[in-house]
Engineer: 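Have a look at this one before I ask anything.
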There are 2 protein chains.
Amino acid sequence: MHALEPLIQKLKRWSDLDEADQRLVLSLPHSTRRFSRASYVVQEGTVPSHAGVLLSGFAFRQKITASGSRQVLAIHIPGDIVDLQNSFLDRADHSVQVLTDSEFAMVPISAFKDIAFQRPAIGIALWRETLVDGSIQREWTANVGRRNARERTSHLLCECGYRLEMAGLGHRTRFQLPMTQEELADALGLTPVHINRTLMSLDREGLTTRRRNLVQIHDWDALAAIGDFEPGYLHIPAALQPALTAAPVSKAR
Amino acid sequence: MHALEPLIQKLKRWSDLDEADQRLVLSLPHSTRRFSRASYVVQEGTVPSHAGVLLSGFAFRQKITASGSRQVLAIHIPGDIVDLQNSFLDRADHSVQVLTDSEFAMVPISAFKDIAFQRPAIGIALWRETLVDGSIQREWTANVGRRNARERTSHLLCECGYRLEMAGLGHRTRFQLPMTQEELADALGLTPVHINRTLMSLDREGLTTRRRNLVQIHDWDALAAIGDFEPGYLHIPAALQPALTAAPVSKAR
DNA sequence: CGACGTGTTGAAGGAGCTCAATCTAAGTGG
DNA sequence: CCACTTAGATTGAGCTCCTTCAACACGTCG
């Protein structure tokens, strides 16, 4: 499979690409790079030269405040274009780090820019990708600003499950989420201790189960209701939203 | 003055527009519309057809959670392009409301789209405008997620002052901010009562003064330090950043 | 003048934080 | 295969920042 195939898949979500468009995308100059757990893909303050398409693994954006605490701003899953955000600006205003060993296709920003203006269908798709990132960011702000710990946590779990299913990486009720509780805490504006108590309480109520990085949601509707999760802000085209399929049978162990 | 002059000014901040570019921007089809205090410019869930350039007045973006609480996501000042965010997507994922009586130039989205792909300089400028909005949104998330009430409030005041000065609408230490404490609370993820106590405490320490909508910052450096305000995330080009000029003499009264 | 929107203040309670100890599972080296 | 290490998860206890509820003050406007 061509390394940039996941990029095509993603862009087709946002805009109709004809044959020529797709060929052009696949011919983008790029090199695949591996990053090992916890290493930086982009450092705040640096001048960006490449944008990365996440091929495998998980990544996240973050900022550090003066007092040294960290806010995780977004979580990225395979297929996501990481860093169009910083790309067309002077210097990176936040960092991107990987959660697990990951692979990226690094594409020079100038190549993205050229192709975007040569082919409007591609330009619109790239633009929409950044707009959807922005929409997710707004929901994230509201989540942190106006929901309590239980609601926030439920919302995040639902968002991750939903996005992973849309990306073909599991079912919304059963997926890998390789984040420590400390990372979850930084994503939700809470402390690790409190996240722990919140997760345990969801578990105890039979809503979720966690083992290692595997998250299982036993009552999707209930969790989505608690977290006020309405997937509209993800802007997934209706055609791509499968009817809610039954959860895969979880192998008893 | 041409109604779209503020748009030109804003776009020139993000990209070099030549004469032809500028003529094209000014020839965008548009109609000016007045909105009276508290009315909606965009309603969540509707299909957007126009993007608005804020000509005069103040506006803000917001979302309501299931429990009925509101999160203010961004504040807009004259010159801002409101709603490129929603424009290229299926339907608005949040609402835009005006803080004061305001005037907008409403431009059909299709016209924006055409001009963006006809003239890359314009396209890049528009794209950057949305990217900077995204950057501000990330800082906002971090502000709400990882700073306490005093820090959050200071940060917001500094951001508003700085942006208003960059837009030529006052000095960073003396500006109009027509928000009630309830609106400030919803912007910062706090309650009106607590915002009130926080503002009063800043006042009592001699850092700020408020009278009606006029905010005065008496010790910019101190307030910026408290709020961990580093303007880099606004991505203002170096050429536009005036050296920190002395505050205008405030008329004793 | 009375009503309403907004700002201010007090008192009590609670959601989430801090500090600190303990537990667990997955390495790792012998 | 086992002792040792270590990152991460879990639990407890006390505290605090912020919320909630409620009253009151103030200015504007009909």
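A, B, ... follow the sequence lines: proteins, then strands. Residue 1 opens every chain.
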Engineer: Mind calculating the distance between CD (Gln181(A)) and C1' (dT11(D)) to the nearest angstrom?
Structural biologist: 12 Å

Engineer: So what does Leu190(A) hit on the nucleic acid, given a heavy-atom distance under 4.0 Å: a base, only sugar-phosphate, or nothing?
Structural biologist: sugar-phosphate

Engineer: Examine dT10(D): is either OP1 or OP2 under 4.0 Å from a nitrogen or oxygen in the side chain of Asn196(A)? Give yes or no.
Structural biologist: yes

Engineer: What is the separation between atom CG on Asn213(B) and atom P on dG7(C), rounded to the nearest whole Å?
Structural biologist: 9 Å

Engineer: What residues form a side-chain contact (heavy atoms from CB on, under 4.5 Å) with Val193(B), not counting sequence neighbours?
Structural biologist: Thr191(B), Arg197(B)

Engineer: To the nearest Å, how far apart are Ile195(A) CD1 and dG16(C) P?
Structural biologist: 10 Å

Engineer: Counting distance alone, no hydrogens or angles: does the base of dG10(C) have a donor or acceptor under 3.5 Å from a partner atom on the side chain of Arg197(B)?
Structural biologist: yes

Engineer: Which nucleotide in the list dA20(C), dG7(C), dT19(D) gets nearest to the side chain of Val193(A)?
Structural biologist: dA20(C)

Engineer: Would you mind classifying the nucleic acid contact of Arg37(A) as base, sugar-phosphate or nothing, using non-hydrogen atoms under 4.0 angstrom?
Structural biologist: sugar-phosphate

Engineer: In terms of side-chain heavy atoms of Asn148(B), which of dC18(D), dA9(D), dT9(C) is nearest?
Structural biologist: dC18(D)

Engineer: Which is it for Tyr162(A) and Phe229(A) under the ring-ring contact (aromatic ring centres under 6.0 Å, His included) test, yes or no, and what are the steps along the way?
Structural biologist: CA-CA 10 Å; Tyr162(A) 199 94; Phe229(A) 176 75; 5.6 Å; yes

Engineer: Rounded to whole angstrom units, what separation is found between the CZ atom of Arg150(A) and the P atom of dG14(C)?
Structural biologist: 18 Å

Engineer: Starting at CD of Glu183(A) and ending at P of dG8(D), how long is that distance when rounded to a whole Å?
Structural biologist: 7 Å

Engineer: Using 30° and 60° as the class boundaries, would you call the ring planes of His155(A) and Tyr233(A) parallel, tilted or perpendicular?
Structural biologist: parallel

Engineer: Can you identify which nucleotide, out of dC17(C), dC18(D), dT9(C), has its nearest atom closest to the Met200(B) side chain?
Structural biologist: dT9(C)

Engineer: Would Gln71(A) and Asp186(A) count as having a side-chain donor-acceptor pair, cut-off 3.5 Å?
Structural biologist: no

Engineer: dG7(C) P sits how many Å from His194(B) NE2, rounded?
Structural biologist: 16 Å

Engineer: Reckon Arg147(B) touches a base, only the sugar-phosphate, or nothing at all at heavy-atom distances under 4.0 Å?
Structural biologist: nothing

Engineer: Quick check: on DNA chain D, is the nucleotide nearest Arg146(A) upstream (toward 5') of the one nearest Asp203(A), or the reverse? Name the residue that is more 5'.
Structural biologist: Asp203(A)

Engineer: Using only heavy-atom distances, decide whether a donor-acceptor pair under 3.5 angstrom links the side-chain of Arg210(B) to the base of dG7(C).
Structural biologist: no

Engineer: Could you tell me how far apart Glu182(B) (CD) and dT20(D) (P) are, to the nearest whole angstrom?
Structural biologist: 12 Å

Engineer: Nearest 0.5 angstrom please: Arg61(B) CZ to Ser95(B) OG, how far?
Structural biologist: 10.5 Å

Engineer: Rounded to whole angstroms, how far apart are CG on Leu184(B) and C1' on dT6(C)?
Structural biologist: 12 Å

